[in-house]
Amino acid sequence: MDHKKVASEVVKAVGKDNVVAAAHCATRLRLVLKDDSKVDQAALDNNDDVKGTFKQNGQYQIIIGPGDVNNVYDYFVKETGVKEASTEDLKDIAQNGKKPNPIMAFVKLLSDIFVPLIPALVAGGLLMALNNFITSKGLFGPEAVIQMVPQLKAVSQMIQVMASAPFIFLPIMVGFSAAKRFGANPFLGGVIGMMMTSPSMVAGHFWNLFGMHVSQTPYTYQVIPVLVAVWILSILEKFFHKHLPSAVDFTFTPLLSVIITGFLTFTVVGPVMREVSNLITDGIVWLYNTTGAFGMGIFGAVYSPIVLTGLHQSFPAVEVQLISAFTAHHQGVGDFIFIVASMANVAQGAATFALMTLTKDKKTKGLASSAGVSALLGITEPAIFGVNLKFKFPFFCALVGSCVGSFIAGLFRVGAVALGSAGLLGFLSVYAKAILPYLICEVISFIVSFIVTFVYGKSHVQLVNPVPVATSEAEAIEAKEDHVEPEQKQEVSLNSEVIAAPVNGKVEDLSETNDEVFSTKMMGDGAAIIPTDGTIYAPVDGKISVAYETKHAYGITSDKGAEVLIHVGIDTVNLKGEHFESFVKQGQTVKKGDKLGTVDIDAVQKAGYDPTVMTIITNTANYAEVGHKKVDEIHHGDDFIKVVAK
């Protein structure tokens, strides 16, 4: 990469006089601009050395890649003359004069609490769907399977116990997750949830507390009461930790926090928040019953734009309420939000495939094919941000398909009984009798979106295959040479190899990470690990190509050619090396298993940062295949990511 040239091209695209401040992290330039609308987005999109762009928290971020971003930044600063800033300084500059958005802050709070619970709720919901197959009449004959095969009765009963457990004891899981998010002891949060679902509590019974009748109705299936209770717990725990002497803190802080929270929960918080929770659920169900198919159609038309704002991250909290109301009291049709999300995701995937058939650009075809498949399986970020919004019209054409599919789903009153993959596989989350209508609606959503996108794109071919504008014959020749350069420039012979896990922890797909650059795989494919300890190890034999002063990221070029980026935490560059220690330097040769550095995970989390460790193959495009091992837990040194040479 010609760093000076890239910096000059970026300056030209964003505008020299448009830059307020600039900083960089391990992978991207972070800019605060006077006017984002003045950016020549097409120039950046067509720049082979720019891996992607996006805006977040008032910063315009340009993805360059590890190692290269440092040099590009240096030339960028020299050419623009802007003052160098740290990422924390940039954050302050970006937010200068702006108050934090309370809505987005609340959405982020709900997302942090409920996203970790989704696997448990998916498992319970799918088990419930499986039991519906066994117990529903008319699916495989006039009678239910359980009636035709009585031997399955015990199996059905066992499945019912398994399926209902995550919902009956939902307050325990919410309590644990909420306490972790609020900065309290997660196990104390779990205790609050246990108290609220205790089998010793019986509906219709009361405690006589100094003449006050306190209801013993358990809080099974409830979300809002336990959220508020654990929030109170976190305040009390922090207060006692701060004011009690260390000699008694360990014993009396948990005791006082739990007992005070318990009494407040049973006497005031629980009853009031139960009514609030019921009103919210009743209101949503009323809105669905009132607007019906038309409401579903409108929701389908705006769902993908809602995804762009990030507000959809709060939906799991509402969906849990809808599923609980349906499974516990047969109220409503279940989770209709999931149905709309499925229609929207399939529609975006269909639009991506339509674009793939229209474009002649090989790079766009390859990206569209993989992004389209991902969208059909419920992960739309690559399709929306990587393809459809880039060309604009496919994104809006997909809204038509989503609207039509959601409208018809509303006519059939299709609902889900579980969270899951909101896409083609979503039928697994739908109650048995609604599976066929669901699949029909998915097909309709796909066909409408594909046709509308294809027809519009066919009549606007220049949008799909833009012709580069050259001011001279020399520039035209240079542009043509630049276009074929990636295929001709293969200087290093790459070999298939296996990249080891750099840290111990729980494996997570990149799409689940809370950073758009990694989740959309702009930097390349790979996988993430939620670490259980703070030692980072070399995953390959090779040379340290990048070792940042902030100690939060390492770049390694393996002896077989893989360019591996290990990024410790999300936005941890803002910590400026605090809580991190590095044992290597740039240019140093390492062996697989050598210690690269350490991180204090607890301190990073207390500082408000996500410690997830991303392992990215930044030269993914040079490989035929990149995939990670599908396991829950992994140990450093275990086989983790496999790269297959072309």
Side-chain angles (χ1 to χ4, degrees), residues 1-98 385-386 389-392 466-483 485-486 515-517 520 522-523 546 548-550 553 571 573-574 576 618:
M1 179 186 292
D2 186 336
H3 300 116
K4 186 175 182 179
K5 179 185 176 185
V6 173
S8 180
E9 291 169 343
V10 170
V11 171
K12 184 178 179 181
V14 301
K16 183 176 180 179
D17 298 328
N18 193 32
V19 182
V20 176
H24 77 89
C25 59
T27 58
R28 65 202 95 155
L29 294 174
R30 296 172 177 241
L31 311 176
V32 175
L33 305 177
K34 296 177 184 176
D35 186 353
D36 294 340
S37 65
K38 293 182 179 180
V39 175
D40 186 348
Q41 188 63 48
L44 293 174
D45 290 340
N46 294 325
N47 191 319
D48 290 335
D49 293 314
V50 173
K51 295 179 173 64
T53 64
F54 66 100
K55 186 178 178 182
Q56 188 176 61
N57 299 327
Q59 299 177 24
Y60 189 83
Q61 302 190 22
I62 303 174
I63 307 160
I64 304 296
D68 294 313
V69 69
N70 311 50
N71 298 319
V72 171
Y73 174 75
D74 290 339
Y75 283 114
F76 181 90
V77 169
K78 288 179 183 178
E79 187 164 340
T80 57
V82 297
K83 183 179 179 181
E84 295 187 46
S86 68
T87 50
E88 193 63 33
D89 294 335
L90 202 73
K91 184 178 179 181
D92 294 337
I93 294 171
Q95 295 298 326
N96 186 30
K98 299 178 183 177
F385 294 104
L389 281 177
K390 181 178 178 180
F391 293 90
K392 295 183 176 63
V467 179
V469 178
T471 58
S472 68
E473 183 179 354
E475 285 187 9
I477 295 173
E478 182 181 356
K480 183 178 180 181
E481 290 175 348
D482 287 344
H483 181 71
E485 183 181 5
D515 188 303
E516 187 176 325
V517 170
T520 58
M522 293 182 186
M523 281 301 305
V546 182
Y548 290 92
E549 293 181 2
T550 48
D571 285 334
V573 63
N574 297 331
K576 303 176 184 178
T618 57

Contacts of D49 meeting side-chain contact (heavy atoms from CB on, under 4.5 Å) (sequence neighbours excluded), chain-then-number -> M1, V6, N47

Sequence neighbours excluded, the answer for side-chain contact (heavy atoms from CB on, under 4.5 Å) partners of K78 is none

| field | Step-by-step side chain to side chain contact (heavy atoms under 4.5 Å, CB included) determination, V50 to I64 | value | CA-CA 5 Å; V50 173; I64 304 296; 4.3 Å; yes

Atom pair [atom1]/[atom2] of [X] and [Y] - distance to nearest 0.5 Å:
{"X": "K16", "Y": "F76", "atom1": "NZ", "atom2": "CZ", "value": "10.5 Å"}
{"X": "D68", "Y": "D2", "atom1": "CG", "atom2": "CG", "value": "10.5 Å"}
{"X": "H24", "Y": "N71", "atom1": "NE2", "atom2": "CG", "value": "9.0 Å"}

- Message: Checking L33 against V19 for the side chain to side chain contact (heavy atoms under 4.5 Å, CB included) test, could you report, in this order, the C-alpha distance in whole Å, the side-chain angles of both residues, the deciding distance, and whether it holds?
- Response: CA-CA 5 Å; L33 305 177; V19 182; 4.0 Å; yes

In terms of heavy-atom contacts, A7 and Y75 come closest through CB-CB, 3.5 Å

**Report entry** Sub-4.5 Å side-chain heavy-atom contact between Y60 and N18
**Finding:** no

Result for side chain to side chain contact (heavy atoms under 4.5 Å, CB included) between V14 and one of D35, D40, L31, L29 points to L31

Applying side-chain hydrogen bond (donor to acceptor under 3.5 Å, both in side chains) to D17 and not counting sequence neighbours gives none

